[in-house]
Each structure stands twice: as structure tokens, then as C-alpha cells.
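Let me begin by presenting the structure, written as C-alpha cells, before commenting on it.
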Amino acid sequence: MQRIGPTTRLCGVILHPAGHTRSPAMHNAAFRALGIDAVYLAFDVLPEALGPALAGARALGVRQLAVSLPHKLAVMQHLDEVDATARRIGAVNTVTVRDGRLMGDNTDWTGAVRALERETALAGREAVVLGAGGAARAVVYGLLERGARVRVLNRTPERAAALARELGADAGAGLEALGERDFDVLVNTTSVGLRSQDSPVPADRIEAGTVVLDAVYDPPRTRLLQDAEARGARTVGGKWMLVHQAAEQLRLWTGCEAPVEEMARAFDLAG
Ligand code: ATR
């Protein structure tokens, strides 16, 4: 732990219930590596306390708050400004305080595209996104923004269709449609595989050379990633989405390039 003194600045993550978050580990590791005089804490904020929590953050001169579930939508009404991208995605995961003003951004989409870009360029690629919840919205936005062609598949096909229509992806469909069309990139944003050995799709639908990203990070090697590897695909763990979205948050308030490898190590150690 770095020394805390009168000039130390405060950042944190707001979430409820408290549960487990690796954000403090990642951000404090980044502060240490970059010599930034700041600390990062986790705050368990009840939904009805969100407004007062943000007013308090502003009054105390908190520099940045990451916004986790269940606050990503509700937080918007308490901000002075919401970035156009966050508005389009429909969620804010970052509040940065600039000159006393609360500015809302979304770095979840950046996290997803940078995680994929560890393995592949995205322009012109055929991508499939599994799921149609909040995480899917950020991933679909990011893929489209990078010039990929995107298909959304979801257990409830109507939700996939609605998301696809709204963000401008190809017509959505059910999960069973995977394999009807070739794809270069596959991203799982469903919760299937979370602390289980289930996979959202059959292994034989994944071809060699595909890049597969699983937003599920617990366990680190999900069944989907194991299947993908066995089929000769390249895989990216959900950890990288979280590390890269945190890296973008750090850039937003400090302007510094984040020490991504150190943050990833801290993420692992906090598990
Ligand atoms: P998040 O905001 O994290 O994306 P969410 O909005 O609850 O969370 O979305 C969860 C996603 O996982 C949804 O796409 C959900 O599919 P439905 O829209 O059909 O509910 C998907 N999901 C959850 N459990 C699933 C399961 N057992 N099989 C397939 N998909 C599942």
C-alpha cells in the first residue's frame, strides 16, 4: 500500500450488494506502478442512496467512481453530462469529476474491443455476440464502432432482435442459429459458464482460427474457452475486458497510459 497523506486523492467503485470486486486491486496496482498519490475503495451503495452518494463524492472531491451493478442506468439522472457513446449504449460505468462536474462515460465497450484486439483486428470481421443484456449492448456497440459486421444471438430471440435493430447490427436470432453463417469472432456475454462447466453453444460450432472472448471470468478458463481452444480457436478471457475497461477509466481521469500487465496481475491475485 502506498503512503496515504493529506494530498492523497480518492477514487472508488459503487455497487450493491458489496460482493466481490477486483476493481480496487487493479486500480491501486496502477496507482502504485505510476506513482499516483491516490487510493481506490469499494463502496456498497443502496439504490436509494445513489443520489446522496454522488452528491457526497462531488462535495468531497472524489476524482472518479466506477459504476457497477445495479447502478449503471440509474446513475445517469444524477450526472451533469453523459457522453454520447454512453447514452447510445444506455449505461454509464464511469463517473469522472472534472471541476466539480460529474461526467458519465462508458468504458465497457472499450474494454471489450481492446480485449479482442489482443488477438485480432476487427474491421471487416464477421462477429457473433451471444446474449442481449447490458454487457451485450456495450460489446455490440464496440464491434460496430470498429467496423465489424455483427450478429446477435440470444436464448430469447426477441431481445436479440430488439438490440440488433436499435444498435444497427444484423437481424438477431436464437442461440441455435450459431453456425448458420461463418464467423471470425465470437463473444459470449450471457452468464452461462459462470461458476459452472456449462457452455452457451456446442463445441462443434466453433471453427479453428476463430477468436473467442468470454465475458465470464470466473472460472478463468470457462468451458466455452476450453472447447474453443480444443477446436483450434484463439481465446481471450473475460479478465481482459475488465482490465482494459479499467485502463480506459484511468486514462479518463489521469490522462496516463495504464500499466495493463500490472493490473492484470493484480486482478489474478485478487481472485
Ligand atoms: P448483463 O447485463 O450482464 O448482460 P442480463 O441483462 O441479465 O445481464 O443478461 C443476461 C444474458 O444472459 C441474457 O442475454 C440472457 O438471455 P435471455 O435474454 O434469454 O434471458 C442470458 N442467459 C442467462 N442465462 C442463460 C441460460 N441459461 N442460457 C442461455 N442464455 C442465458
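Basis for what follows: all heavy atoms, side chains included, without hydrogens, waters or symmetry-related copies. Since this is a predicted model, take the numbers as computed values, not measurements.
Closest of all the heavy-atom pairs between Val185 and Val187 is CG1-CG2, 4.1 Å.
Under the side chain to side chain donor-acceptor pair (under 3.5 Å) criterion, Glu261 pairs with no residue, sequence neighbours left out. Checked against side chain to side chain donor-acceptor pair (under 3.5 Å), Thr235 has the following partners two or more places apart in sequence or in another chain: Arg221, Glu229. Qualifying salt bridge (Lys or Arg N to Asp or Glu O under 4.0 Å) partners for Arg223, counting only residues two or more places apart in sequence or in other chains: Asp227. Listed by chain and residue number, Phe267 satisfy the ring-ring contact (aromatic ring centres under 6.0 Å, His included) test with Tyr217 (two or more places apart in sequence, or in another chain). The side chain to side chain donor-acceptor pair (under 3.5 Å) test applied to Arg58 returns Asp80, not counting sequence neighbours. In this view, Asp268 and Lys239 satisfy the salt bridge (Lys or Arg N to Asp or Glu O under 4.0 Å) rule, not counting sequence neighbours. For Asp44, there are no salt bridge (Lys or Arg N to Asp or Glu O under 4.0 Å) partners two or more places apart in sequence or in a different chain.
Tracing side-chain contacts under 4.5 Å through hydrophobic residues (I, L, V, M, F, W, Y), one reaches Met241 starting from Val260; they form part of the same cluster. One hydrophobic cluster holds both Leu73 and Val92 under the rule that ILVMFWY side chains link at heavy-atom gaps under 4.5 Å.
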Leu65 vs Phe43, test: side-chain contact (heavy atoms from CB on, under 4.5 Å). Steps then yes/no. CA-CA 9 Å; Leu65 290 174; Phe43 299 106; 4.3 Å; yes
Under the salt bridge (charged side-chain N to carboxylate O under 4.0 Å, His left out) criterion, do Asp108 and Lys72 qualify, and how do the steps go? CA-CA 11 Å; Asp108 286 331; Lys72 289 187 180 197; 2.7 Å; yes
N/O donor-acceptor pairs under 3.5 Å from side chains in residues 248-255, not counting sequence neighbours:
from   : atom 1 : to     : atom 2 : distance (Å)
Glu248 : OE1    : Arg114 : NH1    : 3.3
Glu248 : OE1    : Arg251 : NE     : 3.1
Glu248 : OE2    : Arg251 : NH2    : 2.8
Gln249 : OE1    : His27  : NE2    : 3.2
Gln249 : NE2    : Asn93  : O      : 3.2
Gln249 : NE2    : Thr94  : OG1    : 3.0
Gln249 : NE2    : Gln245 : OE1    : 3.4
Thr254 : OG1    : Leu250 : O      : 2.7
Thr254 : OG1    : Cys256 : N      : 2.9

Side-chain donor-acceptor pairs under 3.5 Å in residues 133-140, sequence neighbours left out?
from   : atom 1 : to     : atom 2 : distance (Å)
Arg137 : NE     : Ile89  : O      : 2.6
Arg137 : NH1    : Glu166 : OE1    : 3.3
Arg137 : NH2    : Arg88  : O      : 3.2
Arg137 : NH2    : Ile89  : O      : 3.4
Arg137 : NH2    : Glu166 : OE2    : 3.0

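Side-chain contact between Thr120 and Asp184 is absent, with no heavy atoms from C-beta onward closer than 4.5 Å. Within the 4.5 Å cutoff, the side chain of Leu122 has heavy atoms near those of the Glu117 side chain. Val129 is listed as a side-chain neighbour of Leu143, based on a closest heavy-atom distance under 4.5 Å. Contact of the Val95 side chain with the Val75 side chain is registered, since non-hydrogen atoms from C-beta on lie closer than 4.5 Å.
Comment: Arg151 does not engage Asp170 in a salt bridge, judged by the lack of any side-chain N to carboxylate O separation of less than 4.0 angstrom.
Grouped with Leu194 in one hydrophobic cluster are Val216, the linkage being side-chain heavy-atom contacts under 4.5 Å among Ile, Leu, Val, Met, Phe, Trp and Tyr residues. Through chains of ILVMFWY side-chain contacts below 4.5 Å, Leu130 is grouped with Val128, Leu153, Leu175, Leu178, Phe183, Leu186, Val201, Ile206, Val212, Leu224, Leu225. Under a 4.5 Å side-chain heavy-atom cut-off, the cluster of Ile, Leu, Val, Met, Phe, Trp and Tyr residues that includes Leu269 has no other member.
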